[in-house]
Structures are given as C-alpha cells and as structure tokens.
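See below for the structure under consideration.
A quick note: this is a predicted structure, and the numbers were derived from the prediction, not measured. Letters A, B, ... mirror the listed sequences (proteins, then strands); counts begin at 1.
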Amino acid sequence: MSDTRFDPSTADGRWQKAWDEAQCFRADSKSAKPKSYVLEMFPYPSGRIHIGHVRNYTMGDVLARYKRMTGHEVLHPMGWDAFGMPAENAAMEKGVHPGGWTRDNIANMKAQLKRIGFALDWSRELATCEPEYYGHEQGLFLDLYEAGLVYRKESEVNWDPVDMTVLANEQVIDGKGWRSGAEVEKRKLAQWFLKITDFAEELLDGLGSLENWPDKVRLMQENWIGKSQGLEFSFDLSNGERLPVYSTRPDTIFGASFVAVAADHPVAQSLDSDAARDFIALCKRGGTTAAELETAEKLGFDTGITAKHPFTGADLPVYIANFVLMDYGTGAIMAVPGHDQRDFDFATKYGLPIPRVVAPSAADADKPFDAEAESGEGVLVNSDFLDGMEVEAAKAEVIRRLEEQGRGQGKTVWRLRDWGVSRQRYWGTPIPFIHCESCGVVPAPKDSLPITLPEDVDFKTPGNPLVRHPTWKHVDCPKCGGKAERETDTLDTFVDSSWYFLRFASQPADKPFDREEIAKWLPVEQYIGGIEHAILHLLYARFWTRALAHMGQIEVKEPFASLFTQGMVTHETYSRLEGGKTVYYAPDEISREAERALLKDDGGEVEIGRVIKMSKSKKNVVDPDTIIATYGADAVRWFMLSDSPPERDLPWSEAGIEGCGRFVQRVWRLVSAEMVGDGGDLDLRRKTHKTIVAVAQDIEALSFNKAVARLYELTGAIEKAQPSADRRDATFTLMKLVSPMMPHLAEEAWHRAGGEGLIAEAAWPEHDPAMLVEDEVTIAVQHKGKLRDTLTAPKGASKEALEEMALASEKVQRSLDGAEVRKIIVVPDRLVNIVT
RNA sequence: GCGGGUGUGGCGGAAUGGUAGACGCCGGGGACUUAAAAUCCCCUGUCCUCUGGACGUGUGGGUUCGAGUCCCACCACCCGCACCA
C-alpha cells in the first residue's frame, strides 16, 4: 500500500472480510437498543446486478450504517425473488434447469453485492424458490383458504395455442403471443383468486395512516382501488324484464335520454338478429391499447327495446354501446348526455336529446351546451321535485325516493378486482390443492407440505411440465383415499414478495414466522425501491399483511411505515447511421470529449443522444463490476449518492465517477497529512460540529446529495486549515461522517490514523451545541428590495444598531442618493431593507 | 381526456417569503515537472459605458418592504390511469 494513494483493489476486500469476521451486521433480536428495519426491494436473480440495484442498495446501506452508528439495532437483510418466467425461458433456450440457472445467478449476484460492501445480515438470506420458503407460503395459502379468502372461479385468460401457456396482458402484442407470434385466444379457465376486494375499504382507509409514503404512490393506490358511491336501480323494460343500472350521478336522472348496455350484457346477448350479432362482434374486436381507445368512436346499436323512466314514465331507447363495460357496475347505464362527456358524444352522433338538468343557477335552466357536457357543480333544473336543489342534496333525495319505491338503493362500487394468482407454469410455488373426482377440490393436508416441484422436467415440449410429468400430479385424495390429481397451477410471484419482509424477521423451520419476532421488527422503518412497484407489489403486500392480521397471526397491519421510491440511473446514448440504420454504441466503445464523442474503433464521430434510462437495446449501460474494478466500491457508492436528489433520475457520467475517485483520494490525503499542531481553530471546530448535525439531518431525510455537498465543504475547510488539535478532531470526525457512504476508505483511514476497532462499529460523533451558535452574523442591506451591501454585526444586535450601521454604509448612501427614507424593515440577524 | 409532477448557469443541482446559483462536473488561466500524470492556486450566469452598474430562477399577471419560494392564468416536458357511468 502506497502512502499517498488509497488502493481499493486491496483495501475493499480486506475490510469486507473484517466485517464478515466480526459479524458486525447481524441483527440481534435480543438487543435492548431501539430497532430499525431498513429494507430495499429484493432483486430478481437475473444473473447480474445492474447499476439501478447499486443505487437502490447504496441508499439503504447508508441509512442502515447510519442507524447502527446512532445506537439502533438494525435489521438490513437481503434475499431473492427467485421464481418467475426468465428461468423457464432460459430452460427453453439453453436447456438448463430453472433451479440450477437461478441458484447460479444468485451466487454470482451475491458475490457482486459483497464487492460493493453492503452492510447486510447475510445470515437471514432467503430465496423464494426454496421449499424452506415456499412450503410456508403454501401453508399460509391454506390458512387464507380456511379464512374464506381464497376461491376458484372461471376466468378469461390470454391463451397462446403454440406455447400452450397463459400470457400476461403485457405479453400480448397486437393480439399475438410475444414469443410464439401466434394469435392469442381468449379462454375460460378455472383459476384461483384471493379476495383482496374484501379489504378494499381497509386498504383505502389505511393509506391515510401512511404519512411517510409519497403522495404520488398513495394517490395511485387510491385510484387503483377506485371507490365510487352512487345508486343502483332498475328500469322496467318493454320486453317485461328489469334492467339494473349503476350511476354516480343519480341527481341527473331527469336528464337521462337513453339507456345503454355492454356488448356482452345479457340483454344484448339475448337479441336474435344478425345485425345485433354483427354489432356485438364489432365491439369485441375493438382493441384495448391506449391509442385505440383514444380514437375509439362511440358506437351504438338500437335494440328496439325501451326502458320506462322511474319518475317521468317516459320510454327511453335501449342501445348496445361499445363504451359500456360489462365488468364495472352492472354493465348497464342510464345515459345523461348533458352531464357526461361519453353520453354527450354518443347522443350527438345518434341525434338523441341532450336535456339540461344542472345549471350554474336556476335562471340558466335553458342555457345551451357549449359543445361539451357539463359535469360540474350547480343547481338542479328541469327536474320536477329536484328543482333548485344542490347536486349533493339531489343525489340523496333520488336515492331516498327510489329506495322507498323498492326500486334501488345507494351502493358503493370498487374498481379493484380480486387478485388472480393462478399461473400455468412450472417455476413457481405449487398451489396446495388436490382435485378428486368424488370429493371435488380438496386442500392438501398441512403435514404434506411442502409440496415440492419435481426436478426431472423437460422444457422441450411446450406447455406446463407439471401437467405432463409422469408421476408428480398423481396422489390419493386426502378425504376419500381414492385416485386424485394435484393442482398443476403455481402461484403468481407477487405472492412470494407479499410476505418475504416477514420471513426476514425470523426463519423458524416449522412455521412461516415467529409472532414475537414480527412484533419486535415490524414494521419496516424504511422501504426503498422503484416506483414501478407503486401499485401491485405494494398493494398485494399490504393486503397479505392485513389478511394475516385479520386471521390473528400477526399484529402489524401496515408492513412499510415509510416508503421511498428512488429514481433511475440514466446515461446518454451514442449512435450513428450505418447503411440507413441507426447503430448504437456502448459507453466503453466511445472516447468522450468535451463537445463530441468518437468511436474508439475507427475514430468516427457518433451522435450524442438524450440522457435516458439505461437499456440493453440502446446500449447505454454501465456494468457495476467493471466500474468497481476501475474506481473501487467507495467511488461508485459516492457517485450513487452525489448531485441528484435520490427520487430523481441520476445521469451516469464518466467525468462524474472520476470526480468521485478524486474525492476518495482527497480524503485519504487528509489522513496522511500531519495531524498534530499547536493551538485551536475555532472556525473549523464550528464548521465540524455544524456538519455533524447537518449530515445527520440530511441522511435521515434521505437527502444524500445534500449530505455529500456538506462533506465536500468540510473536507475543503480541513484542507485549508493549519495543523491544530481542532484540525485533527475534524479529520477524525470526517472519517466517521463519510463512513456510511465510503465504508472501505473510512476503515482504512481510521486504521491508519490509529483509531480503535472498526469504524463500522463506532458511534456517530457527538456535537457540541455551543459550537452551532455564531457570535457574528452577516446582514444583507437592501434598498428598494435589491441588495446594496452586506455588513458584519454581532449576533443579536438591536434593530436600531442595525439601522444605523446600514445607513452608515457608503454603498447604501450612494444608492439612496438623498431620497427620503420612508420606512426601514429590520429582520434581526438577517437583513435591513430601506424603503424610499 | 382525467390525475400527478417538474421547469434555476454549458451540465447535475443548492436556497425556513429575506445576500439566487452552495457543492460537484465541464471549461479557462497559472504553479510544480526535463516532460507527463497526479496535485495545488485563481477565474468561470448574461450584458454594459466594468474600483461600478443593469438584467436574471419556463411565460404573463398579482400579493408583499421584499417572491425561485405564495396566488391566478398560460406554455413545455415527464409520469400514472384510461370509455370505471
């Protein structure tokens, strides 16, 4: 080791080993210290850690190390979201077993994480693909079944007839399977569902208690749950049937000029004419992509049936309409064109009346519409007994009257659907049920768990290997003992990630978790991950936790007390046209100059594109291993925290990481410098103590970029200071303050400077409150609201003294130029503003 | 279409209604060196008649002694949802 340079290639590994040996990062549940559970969303073991993971885990790591230094017993675990499709794809493409592929990937990624020096409790590592994990998941699934929260029903799926598999919506591109390219069919299959809708109200209300979640995420979940309150009532139809409809605007009932049903509504289906059948087919063909919906024209088909208005007795035409959805409300609506844009468009197209029933005031009852529907507030007009009422009062009145007639009732409708968890795949948790011809669907006995996946499977033939495995599915019925078959569906991987944070608290062999350990560690104080999980993962995990609480297995209801969603790591792109095609080049193929970028291969200039999310197709990716090998783990960690606020995107740049590498060496040189000297340095001491407080606040607020800026400032101040006892103290303090961010450098420097033990186990420095108080302050002097001069005054100087000093300033006098002073505003210790 | 967010130097970004641009990157100049790397020092919003001054936080208004910050309207970009009655 050279004296003048810090060498991460030897130091990083040395300290990682030292932390391992000292077991610094083990969480002790017997500890009396206050606990802190810091968790980052666990990764899918794709094989390589990418730079986004590095940013995510560095943030959590800084917080975890800081919490440990401030006297907390920290739980900071790591695991693997190890089931899922990519493993099966690899099996099909490369002929490797999903299990072997996954476990190899885990080993690689674990080694990568260790090279970054994360303060993780590896003794609690888990992988969801191991029976020790998913066996307990099967047990929990059976518990949920017992509690009435699991059921089976027929449901429509996207079926790929070539791959013989069910596709997620995202895997259907232009109506074709993403892998096979075959036309996707809609098939009805019996599938397993979790009754998340039972918890809709709770999940919605619970959002209110999650003050430390981003408003954005709470809003997204609120919209997803989609509570709406309105009225369900029935029309009498001319064919003698009754047609229930749902409306959130019952107040506008006198404005209804037609009734519309969905194409797959029974009323539509019962029509016996070719024209009707053709129209229904036309509706079904309609695409569901964003662009198609945007331009979709409102289309309708007059059924010839009429509906009797419950108050006026008028006969309203019943249409089949392509914009009415079967799976929301009752699949039928009363259409009020004047006050709903869709109904307005439809009525305009088909020449139906557009009556006004809400107006700004009673005098505007006949005000014409301005080419669009008015859905706002106002008073009711042209509405018989509702005339003159406000919207809210009118809603209540209509509901009251229809309830009285026994024709309808107030009703709450949710957008949230039950959670379909069946996947017709191999690499997932087997659903613990058995199908018996005589007993039906029977839960697997708990003592038969875990139901493990067979190892001897092949992926050469399409379809689910569990279905065609020669022996696996054949079992005796646990009820009657006769021949029966196992369920061959496996669970959605979102189930795996719905409780892993509970399993981290303790890992008993005979049960999913230990009640007391959950009580000790949960909730997670700080959960960090990507915004892409704002809805599904976070909603499912909240549901699963509440369901367990509902069954009395745990106390905690909300698993994540505080949530942080970090931004992406981005990079500019490099490309040029070659033979009419845009060819992208990777950053390491480029030599980047100030204004331009040249290809290393042939020296040709390439175009520098926008800074965008790193993606393989644009080749704008950097590999964590490479950069760690080049700059060391600490420089990379420091870069991840610098400059950009953590919730925003972070543009990766070669120049930036080099700057971080320089800073690592700057700190190193401070420690190498002479650390003794005479006398004190009050300014530096003040700066040091202010920095202790500020960095602590910044880390707790996750404002790592601000903490970084303050550490640069302190470093600069130490460099400028003459040797002194205060300079020595400042240097030791700096080592501790940077240690959560640059732990290897901090250990090496600490060790070299003669510090005791490991800095990873050191306490956060104490600050002296007296050092935070200035005795002199800078006062800004303004005239006409503009800065004219600044002056130095003793802290706490009187208003009169400050006024006097301000007026004495030559610059101020020049600006005043003899004008009459009308008023002087003095903000003590801050500013004087002279008004003329 | 609905909902949400963001807009500050060449770039990333600081700034309890009180000195806009902290800190970093890039760039320029200098020192050290035979030379380079490394390191150190200085400069670095725009403009002008430059020991000073004017302008300046997407645009236009407003509130205020004082607005990047608060209010109103608009523009641009980004994200989420999407015919949810």
Please list, by residue number, the residues of residues 799-808 of chain A whose heavy atoms come closer than 4.0 Å to an atom of RNA chain B; answer none if no residue qualifies.
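Of all residues in residues 799-808 of chain A, none places a heavy atom under 4.0 Å from RNA chain B.
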[atom1] atom, [N] versus [M]: distance in rounded Å?
N	M	atom1	answer
B:rG62	B:rG68	P	15 Å
B:rC75	B:rC42	P	48 Å
B:rG45	B:rC11	P	13 Å
B:rC72	B:rU63	C1'	11 Å
B:rU6	B:rC40	P	38 Å
B:rA35	B:rC23	C1'	34 Å
B:rU44	B:rG27	C1'	8 Å
B:rG24	B:rA14	P	15 Å

Where does the angle between the aromatic ring planes of A:F311 and A:H309 fall among parallel (under 30°), tilted (30 to 60°) and perpendicular (over 60°)?
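Tilted.
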For the residue pair A:Y350 and A:F346, categorise the inter-ring angle as parallel (less than 30°), tilted (30 to 60°) or perpendicular (more than 60°).
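Tilted, since the angle between the ring planes falls between 30° and 60°.
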Is the backbone of [Y] close enough, under 3.5 Å, to the side chain of [X] for a donor and an acceptor to pair up by distance?
X	Y	answer
A:N833	A:I825	no
A:R218	A:L207	yes
A:R415	A:W224	yes

How is the base pairing of RNA chain B summarised as a dot-bracket string, given the Watson-Crick and G-U wobble criteria with both distances under 3.5 Å, [ ] for crossing and | for another strand?
(((((((..(((.....[....))).(((((.......))))).((((...))))..(((((..]....))))))))))))....
So does A:Y712 get a side-chain nitrogen or oxygen closer than 4.0 Å to the phosphate oxygens (OP1/OP2) of B:rG24?
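Answer no for this pair, as no side-chain N or O of A:Y712 is under 4.0 Å from OP1 or OP2.
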I want to confirm an ordering. Mapping A:V708 and A:E658 to their closest nucleotides on RNA chain B, which one lands closer to the 5' end?
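Upstream on the strand: A:V708.
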Given A:Q341, A:H339, A:R356, the one that forms side-chain hydrogen bond (donor to acceptor under 3.5 Å, both in side chains) with A:E374:
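Testing A:E374 for a side-chain hydrogen bond (donor to acceptor under 3.5 Å, both in side chains) against A:Q341, A:H339, A:R356 leaves exactly one candidate, A:R356.
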Which residues satisfy the side-chain contact (heavy atoms from CB on, under 4.5 Å) test with A:K706, sequence neighbours excluded?
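Only A:D698, A:S703 meet the side-chain contact (heavy atoms from CB on, under 4.5 Å) criterion with A:K706.
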Who passes side-chain contact (heavy atoms from CB on, under 4.5 Å) against A:I612, sequence neighbours left out?
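A:I612: side-chain contact (heavy atoms from CB on, under 4.5 Å) contacts with A:T573, A:R610, A:K618, A:N620.
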From [atom1] of [X] over to [atom2] of [N], roughly how many Å is that when rounded to an integer?
X	N	atom1	atom2	answer
A:R822	B:rU64	CZ	P	13 Å
A:W414	B:rC84	CH2	P	18 Å
A:M220	B:rC2	CE	C1'	14 Å
A:N223	B:rC79	CG	P	18 Å
A:Y328	B:rA82	OH	P	13 Å
A:N322	B:rC84	CG	C1'	15 Å
A:W638	B:rC23	CH2	C1'	10 Å
A:E222	B:rG80	CD	P	19 Å

Kindly state each residue pair satisfying salt bridge (Lys or Arg N to Asp or Glu O under 4.0 Å) with at least one member in [range], sequence neighbours excluded.
range	value
residues 655-671 of chain A	A:R666-A:E719
residues 827-836 of chain A	A:K795-A:D829
residues 335-347 of chain A	A:D340-A:R342
residues 243-256 of chain A	A:R249-A:D251

State whether A:E392 and A:K395 are salt-bridged, where the test is any N-O pair (Lys NZ or Arg NE/NH1/NH2 against Asp/Glu carboxylate O) under 4.0 Å.
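A:K395 and A:E392: salt-bridged.
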Side chain of A:Y246 only, please: which of B:rA85, B:rC83, B:rC25 is the nearest?
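Minimum distance to the A:Y246 side chain belongs to B:rA85.
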What does nucleotides 45-58 of chain B look like as a protein-contact string, B for base, S for sugar-phosphate only, - for none, at under 4.0 angstrom between heavy atoms?
-------SSSS---
Could you please spell out the steps behind the side chain to side chain contact (heavy atoms under 4.5 Å, CB included) verdict for A:V695 and A:I692?
CA-CA 6 Å; A:V695 170; A:I692 293 171; over 6 Å; no
Filtered N/O pairs between nucleotides 12-22 of chain B and protein, under 3.5 Å:
from   : atom 1 : to     : atom 2 : distance (Å)
B:rG12 : O2'    : A:S644 : OG     : 2.7
B:rG12 : N2     : A:D643 : OD1    : 3.0
B:rA14 : OP1    : A:N705 : ND2    : 3.4
B:rA15 : OP1    : A:K706 : NZ     : 2.8
B:rU16 : O4     : A:R830 : NH1    : 3.2
B:rG18 : O2'    : A:R830 : NE     : 3.1
B:rG18 : N2     : A:Q782 : OE1    : 3.4
B:rG18 : N2     : A:N833 : ND2    : 3.3
B:rA22 : O2'    : A:E713 : OE2    : 3.3

Have a look at A:L325 and say if it touches a base, only the backbone sugar-phosphate, or nothing, with a 4.0 Å heavy-atom cut-off.
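Answer is base: heavy atoms of A:L325 come under 4.0 Å of a base.
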Touch class at under 4.0 angstrom, heavy-atom based, for A:V245 against every strand present:
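No contact.
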For A:L299 and A:L282, what are the C-alpha separation, side-chain angles and deciding distance, and is it a side chain to side chain contact (heavy atoms under 4.5 Å, CB included)?
CA-CA 10 Å; A:L299 295 174; A:L282 177 73; 3.9 Å; yes
What is the minimum heavy-atom distance between A:V611 and A:P651, and which atoms define it?
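The answer is CG1-CB, 3.9 Å.
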Tell me the ring pair (Phe, Tyr, Trp, His ring centres under 6.0 Å) pairs involving residues 694-721 of chain A, sequence neighbours left out?
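For residues 694-721 of chain A: A:W638-A:Y712, A:F663-A:Y712.
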Taking side chain as C-beta onward, heavy atoms only, is A:K823 less than 4.5 Å from A:I834?
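Heavy-atom side-chain distance check fails, nothing below 4.5 Å.
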Could you write out each protein N or O paired with an N or O of nucleotides 37-44 of chain B at a distance under 3.5 Å?
from   : atom 1 : to     : atom 2 : distance (Å)
B:rU39 : O3'    : A:R669 : NH2    : 3.4

Where does B:rG9 fall, syn or anti, if syn means a chi angle no more than 90° from 0?
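Syn for B:rG9; the angle stays within 90° of 0.
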